[in-house]
Amino acid sequence: MTDPIAFLCAMPMELTPLTKRLGLGKDNVNGVDLRTGRLDDRDVVAIVTGMGTELATRGAERLLDAITPAHVVVFGITGALDNDTPIGTLVLPEVVVNSETGDEFTHTPLGGGPRRGIMWTTNVMTPEDELPGLRAKGVVALDMETAAVAACCERESIPWSVFRVISDRASDGSVVEDVFKLSNQDGTPNMGRVARYVLRHPQRIPVLMALSKGVKLATERAADAAISAVRSLPS
C-alpha cells in the first residue's frame, strides 16, 4: 500500500455508508485494525477513533504510526449553532478551533467548495447560554474530534481536510445531556441506556426518531462529500 488516502471518523455509524459505497474490507496494517480498499485508482484506508479529543488523538496516532497517508480526510456528523441551518448541510469551515487550548487549524480544501466559519471542537455539551458568544465568534458547528486529528496531522506534516454534515442543532432541544449519554464513548449505542430512556421519557420518542433520521442523512452525505472530494485530487 503506497501513500493511501486515509478516511477518519469517530463512530461506526459514520463509517458504514463509506464502507458500503467503496466496498471496504477489514484488515490489519502494521498491527492496526483498519478498513482498506480502493477508490478508483487510489488505495484507501479508514479508521474509527471513538468520541472525543482523547480517543481521536489516540486513533489518529495509531493511524499515522501504521501508515504514511497522502491525505487524511475527517468526515462525519456535526451540530449546527443556528436553528435555521438545514439538517444535511455540508460544513466546510475556514478554521477549526480546539475549545480547550484555543489552538487553530486550517485544513487543505478539496473539491472546491466554499469555506465558511469556525468549527468548534469540544469534549462537553455546550451550555445554551454560551451559544450566543460562540455565534459572535463566527462558530457555525460543534464537533468533538476534528481539532485533535488536525493537531496530529500537522505534527507529521500530513495534509488533512474535514467534511462534516449537520445532523442536529445545538439549541433545538434534540440533543440534551441525557440523549448524548445514550452513546458509548466508542460511538456505539448503549442499548440498555436507550431502553431505560425511552421507558422514562416516552414523549421523547418522536424527537429521537427525528434525530435518528437526521443522523442517517448526515452520515450518508458526509461519506458522499468525502468520496467526491478525494476524486478531485490529481492522480
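The chain is numbered in sequence order, starting from 1. Just so it is clear, the values below take in all heavy atoms, side chains as well, and ignore hydrogens, waters and symmetry mates.
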- Query: Relative to each other, are the rings of F75 and F7 parallel, tilted or perpendicular (30° and 60° limits)?
  - Reply: perpendicular
Return yes if some donor-acceptor pair links the side-chain N/O of [X] with the main-chain N/O of [Y] below 3.5 Å, else return no.
X    : Y    : value
T121 : A147 : yes
R135 : L81  : yes
R169 : T85  : yes

Straight-line distance of [X] [atom1] to [Y] [atom2], nearest 0.5 Å:
X    : Y    : atom1 : atom2 : answer
C9   : I77  : SG    : CD1   : 10.0 Å
T19  : L24  : OG1   : CG    : 5.0 Å
S99  : E130 : OG    : CD    : 9.5 Å
T146 : L8   : OG1   : CG    : 9.0 Å
R58  : C152 : CZ    : SG    : 12.0 Å
K216 : I87  : NZ    : CD1   : 15.0 Å

Over all heavy atoms of both residues, which pair between [X] and [Y] is shortest? Give the atoms and the distance, please.
X    : Y    : answer
A66  : N30  : O-ND2, 2.5 Å
A46  : L15  : CB-CD1, 3.6 Å
G59  : I47  : O-CD1, 3.7 Å
I166 : A218 : O-CB, 3.6 Å
A141 : T78  : CB-OG1, 3.4 Å
E145 : A10  : CD-CB, 3.4 Å

- Task: With side chain to side chain contact (heavy atoms under 4.5 Å, CB included) as the test, would you mind laying out the steps for V45 and I67 before giving the verdict?
- Result: CA-CA 9 Å; V45 303; I67 63 170; 3.5 Å; yes
Is the closest side-chain heavy-atom distance between [X] and [Y] below 4.5 Å?
X    : Y    : result
M144 : T53  : no
I158 : P69  : yes
T219 : T16  : no
L134 : L142 : yes
M119 : V91  : yes
R116 : P93  : no
L233 : I5   : yes
V96  : E104 : no

Applying the 4.5 Å side-chain criterion to the ILVMFWY set and letting contacts propagate, would [X] and [Y] be lumped into a single cluster?
X    : Y    : answer
V48  : V165 : yes
L63  : V149 : yes
L90  : V95  : no
V32  : V74  : yes
W120 : W160 : no

- Residues in side-chain hydrogen bond (donor to acceptor under 3.5 Å, both in side chains) with T101, at least two apart? D103
- Dump the intermediate steps for side chain to side chain contact (heavy atoms under 4.5 Å, CB included) on D40 and V230, then the final yes or no. CA-CA 10 Å; D40 301 332; V230 169; over 6 Å; no
Pair [X] + [Y], salt bridge at N-O below 4.0 Å:
X    : Y    : value
D224 : R21  : yes
D43  : R38  : yes
D143 : R164 : yes
K20  : E220 : no

- Message: Determine whether V162 and L92 satisfy the following criterion, side chain to side chain contact (heavy atoms under 4.5 Å, CB included), listing intermediate values before the conclusion.
- Response: CA-CA 7 Å; V162 56; L92 302 175; over 6 Å; no
- For H71 and T108, what are the C-alpha separation, side-chain angles and deciding distance, and is it a side chain to side chain donor-acceptor pair (under 3.5 Å)? CA-CA 9 Å; H71 202 106; T108 302; 5.2 Å; no
- Message: Please determine whether side chain to side chain contact (heavy atoms under 4.5 Å, CB included) holds for the pair V73 and F163, giving the CA-CA distance in whole Å, both sets of side-chain angles, and the decisive distance to 0.1 Å.
- Response: CA-CA 7 Å; V73 178; F163 299 88; 3.7 Å; yes
